[in-house]
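Only one structure is covered here, and it is reproduced in the block below.
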Amino acid sequence: QVQLVESGGGLVQAGGSLRLSCAASGRTFSGYAMAWFRQAPGKEREFVANISPNGGYTYYADSVKGRFTISIDNAQNTVYLQMNSLKPEDTAVYYCSARAGAVIYTKTTSYNYWGQGTQVTVSS
C-alpha cells in the first residue's frame, strides 16, 4: 500500500503561484509513476500532469502546459506541482495519485492510489 498526503493548497490571486507537495509513505517510492489531477465543483476529475518514476518523462494537459511543472524527489518520497500564472479556472481540489510501473497515463482509472486532495482557489 502507498499512502499519499497532499499539501500546499490555498487562496491566491490570479497571476500568482503555489507549489503543491505530495508526500508518499508505505512502500518504496521509486518505481511508481505519479500524477496530479484536479476536480472543480460540478465537474469530472481531470488530468493535470504526470511524471515517470525517475523523473525523465513528464506530460501535461494543454490547459496547464507552460505554467505548471511537475517534479519528483525520490530521496524525499515527494512529488511536487509548481503552479505559476494561476488563473481563476485553475480553481479546484488537486489530487495526487500513484501507480506501480514506469508508464505514465492520463486516465484516473489507471492510478491505484490517491491522496485526500488539497483545495486551490484562484481569485480574479
Side-chain angles (χ1 to χ4, degrees):
Q1 289 290 333
V2 174
Q3 291 81 42
L4 303 173
V5 179
E6 303 97 333
S7 61
L11 173 64
V12 64
Q13 289 188 331
S17 298
L18 282 174
R19 189 176 81 156
L20 305 183
S21 299
C22 173
S25 62
R27 273 196 175 182
T28 303
F29 189 63
S30 60
Y32 283 78
M34 305 296 295
W36 288 95
F37 289 79
R38 66 187 181 186
Q39 188 167 18
K43 294 187 177 181
E44 292 187 353
R45 193 169 298 188
E46 66 174 6
F47 167 76
V48 175
N50 54 21
I51 189 166
S52 59
N54 64 359
Y57 293 95
T58 60
Y59 185 76
Y60 298 91
D62 287 342
S63 58
V64 307
K65 200 173 296 182
R67 300 188 298 122
F68 291 10
T69 302
I70 189 171
S71 60
I72 195 166
D73 185 340
N74 281 311
Q76 298 295 323
N77 285 358
T78 301
V79 63
Y80 302 98
L81 185 68
Q82 177 67 44
M83 306 186 296
N84 299 327
S85 302
L86 282 162
K87 305 174 181 180
E89 51 263 43
D90 294 318
T91 295
V93 177
Y94 283 70
Y95 296 91
C96 174
S97 61
R99 69 179 304 277
V103 181
I104 53 178
Y105 295 92
T106 61
K107 293 184 177 181
T108 57
T109 52
S110 299
Y111 291 85
N112 309 102
Y113 305 101
W114 293 86
Q116 82 289 348
T118 185
Q119 176 70 47
V120 171
T121 304
V122 184
S123 63
S124 58

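Note: M34 CE to N74 CG = 9.5 Å, rounded to the nearest 0.5 Å. In this structure, Q119 CD and T91 OG1 are separated by 7.5 Å, a value rounded to the nearest 0.5 Å. Remark: D90 CG to T121 OG1 distance equals 11.0 Å, nearest 0.5 Å. Taking CZ from F68 and OG1 from T58, the interatomic distance works out to 14.0 Å, rounded to the nearest 0.5 Å. In this structure, CD1 on I70 lies 12.5 Å from OH on Y80, to the nearest 0.5 angstrom. One finds the CG atom of N77 at 10.5 Å from the CG atom of L4 (value rounded to the nearest 0.5 Å).
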Note to self: Go through it in stages, so that I can follow the logic: the residues are R45 and S97, the test is side-chain contact (heavy atoms from CB on, under 4.5 Å), and I'd like the CA-CA distance, side-chain angles, deciding distance and then a yes or no.
What the structure shows: CA-CA 12 Å; R45 193 169 298 188; S97 61; over 6 Å; no
Notebook entry, point to check: Between E6 and Q116, does a side-chain contact (heavy atoms from CB on, under 4.5 Å) hold up when you go through it step by step?
Noted result: CA-CA 7 Å; E6 303 97 333; Q116 82 289 348; 2.9 Å; yes
Margin query: What verdict does the side-chain contact (heavy atoms from CB on, under 4.5 Å) test give for W36 and C96, after you've listed the backbone C-alpha separation in whole Å, the side-chain angles of each residue and the deciding distance to 0.1 Å?
Written below: CA-CA 5 Å; W36 288 95; C96 174; 4.0 Å; yes
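Ring geometry for W114 against F37 counts as tilted: the plane angle lies between 30° and 60°, on a 0 to 90° scale.
Counting heavy atoms from C-beta outward, P53 and Y32 have side chains that stay 4.5 Å or more apart. Taking 4.5 Å as the limit, every side-chain heavy atom of V5 sits out of range of all side-chain heavy atoms of Q3. Within the 4.5 Å cutoff, the side chain of S63 has heavy atoms near those of the R38 side chain. Annotation: side chain of Y60 is in contact with side chain of T69 (closest heavy-atom distance under 4.5 Å).
By the criterion of side-chain heavy atoms lying less than 4.5 angstrom apart, applied directly or through intervening Ile, Leu, Val, Met, Phe, Trp or Tyr residues, M83 is not grouped with Y59; the two fall into different hydrophobic clusters. With hydrophobic clusters built from ILVMFWY side chains whose heavy atoms lie under 4.5 angstrom apart, F47 does not share a cluster with L86.
For the 3.5 Å distance criterion, the side chains of Y111 and R99 fail to qualify, holding no donor opposite an acceptor.
By the neighbour-count criterion of 12 heavy atoms within 6.0 Å, atom NZ of K65 is densely surrounded, having more than that number from other residues, nucleotides or ligands.
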